[in-house]
Amino acid sequence: MRILAIETSCDETAASIVEDGCIIHSNIIASQVEIHARYGGIVPEVASRQHMLTIVPVMEQALKEAKMSLSEMDALAVTKGPGLAGSLIVGVNFAKALAMTNHLPLVGINHLEGHIYANWLSTSKPELPCLCLVVSGGHSDMILMDDHGKFRKLGNTRDDAAGEAFDKGARILGLPYPGGPSIQKATQGISTSLTLPRAWLKENDDFSFSGVKTALLHLVEGKGSPDPAWIKEAAAAFQDAIVDVLVIKTIQAALRLQVKQILLAGGVAANSALRNRFLADSTIPVLIPPPVLCTDNAAMIASCAYYHLMSGDINGDNLDVIPGLALGT
Ligand code: KG4
Ligand code: ZN
């Protein structure tokens, strides 16, 4: 089954063609990062306008790279939420028009569920039940996946998401947007003598990252005019604090729940320190998609859509965006 998927939930316009949920024929991602970087963060109105300009060329490029035409597609998929309303609307309306004019079934996909399915874009499939850590710009969710379509939310962030913390921390350190990749770059090969606090929030699976962000702000303010070498050490201490909490709390929950695997997903799962710590520390097997499939893309949406369509899940004309959509009960 060939699925063309569209993803426009945030600041990436993406289209991808995936066969049977795992064979990627094309995966086109038009990033708006340079446009938003000059504002130091995403400007929603700019994002939706940019999606309108790029969605047609991005879809055409996805077909061209796959050497396929729309008539060779079996179905369409689109992200319906969560995300920025104005961005989601562009993708959903475009996909609805495509479905209608090409007489193709369409399914709306939860972006967070899509992130998890980046782990299915491989020949070896994850084993269920598994514990999913979804860490992105908007979410830090621990989700138990018992089966396809069966998700239980165990915990989430009480304040900043992990990616949001990376972005805000980078801004405090004077490092460019987006913060996650700049902190990773700044900390390459750095070991630090600085330490920042960790919020363990004992006896539950929630996270909190606003305290470490405030502690970083105080550290930087206390330093006065820090030199570049000190900035790198502070960035490393900040990254260590976030990674420590994510890794230790997730592994503890996985052992408690006796899951078969841990699945990482979302933009922060592209972080090399996080990836290395999980692989080194966990006795339960950890699956992590390649970095390009951790950050926003449409291949993950197509993979997720395959399992929805296989279970008869098809949306009609009434498909609409759900900006606050959650995953799991
Ligand atoms: O999943 P994603 O692309 O978009 C959302 O659904 O939010 O995640 C974006 C977030 C941003 O906050 C970005 O700073 C973070 O993921 N991120 C990283 C890295 N690459 C992206 N954080 C840490 N290290 C990275 N290498
Ligand atoms: Zn995302």
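Quick note: residue numbers are just sequence positions, from 1. Numbering of ligands and ligand atoms starts at 1, following listing order.
Taking each of A162, A165, G180 in turn, the one with a heavy atom nearest to atom 18 (C) of ligand 1 proves to be G180.
The closest approach between H139 and ligand 1 stays at or above 4.0 Å for every heavy atom of the residue. Residue contact check for ligand 1: P181 places a non-hydrogen atom closer than 4.0 Å to it. Under a 4.0 angstrom heavy-atom cut-off, H115 registers as being in contact with ligand 1.
The nearest protein atom to atom 20 (N) of ligand 1, hydrogens excluded, is given as G267 O, 3.4 Å; this is a heavy-atom distance. Atom 2 (P) of ligand 1 has D296 OD1, 3.3 Å as its closest protein atom, hydrogens excluded (heavy atom only). Taking atom 24 (N) of ligand 1 as the reference point, the nearest protein heavy-atom neighbour is N271 ND2, 3.0 Å. Protein heavy atom closest to atom 12 (O) of ligand 1, with residue, atom name and distance, is D167 OD2, 2.7 Å. In terms of protein heavy atoms, atom 10 (C) of ligand 1 is closest to G137 N, 3.5 Å.
Nearby protein atoms of type N, O or S around the Zn ion (ligand 2) amount to 3 (distance under 2.8 Å).
Taking the six-membered ring where tryptophan is involved, the planes of H111 and H115 are perpendicular, since the angle between them exceeds 60° and thus also 30°. Between Y307 and Y117, the ring-plane angle classifies as tilted under the 30° and 60° cut-offs.
Classification of E164 and K168 as a salt-bridged pair holds, one side-chain N sitting under 4.0 Å from a carboxylate O.
Screening K249, R256, R158 against D205 for a salt bridge (Lys or Arg N to Asp or Glu O under 4.0 Å) leaves a single residue, R256.
For the residue pair S210 and D160, no side-chain donor N or O sits within less than 3.5 Å of a side-chain acceptor on the partner. Remark: the Q239 side chain and the N271 side chain contain an N/O donor-acceptor pair separated by less than 3.5 Å.
Looking at residues two or more places apart in sequence or on another chain, you find no ring-ring contact (aromatic ring centres under 6.0 Å, His included) involving H218.
Within a 6.0 Å radius of CZ in R171, other residues, nucleotides and ligands contribute 12 heavy atoms or fewer. Within 6.0 Å of atom CZ in R152, 12 or fewer heavy atoms from other residues, nucleotides or ligands are found, so the atom counts as exposed in its surroundings. For K185, the NZ atom counts as loosely surrounded, since its 6.0 Å shell holds 12 or fewer non-hydrogen atoms of other residues, nucleotides or ligands.
Close approach to G163 involves these atoms of ligand 1, each under 4.0 Å from a residue heavy atom: 12 (O). Close contacts between ligand 1 and Q184 involve ligand atoms 24 (N), 25 (C), 26 (N) [criterion: under 4.0 Å to a heavy atom]. Interface atoms of ligand 1 facing H111, defined by a heavy-atom separation under 4.0 Å, are 6 (O). Those atoms of ligand 1 with a heavy atom of G138 less than 4.0 angstrom away are 7 (O).
Note that CD1 of I42 is 3.5 Å distant from SG of C10, once rounded to the nearest 0.5 Å. Annotation: the span from S16 atom OG to L293 atom CG amounts to 8.5 Å, rounded to 0.5 Å.
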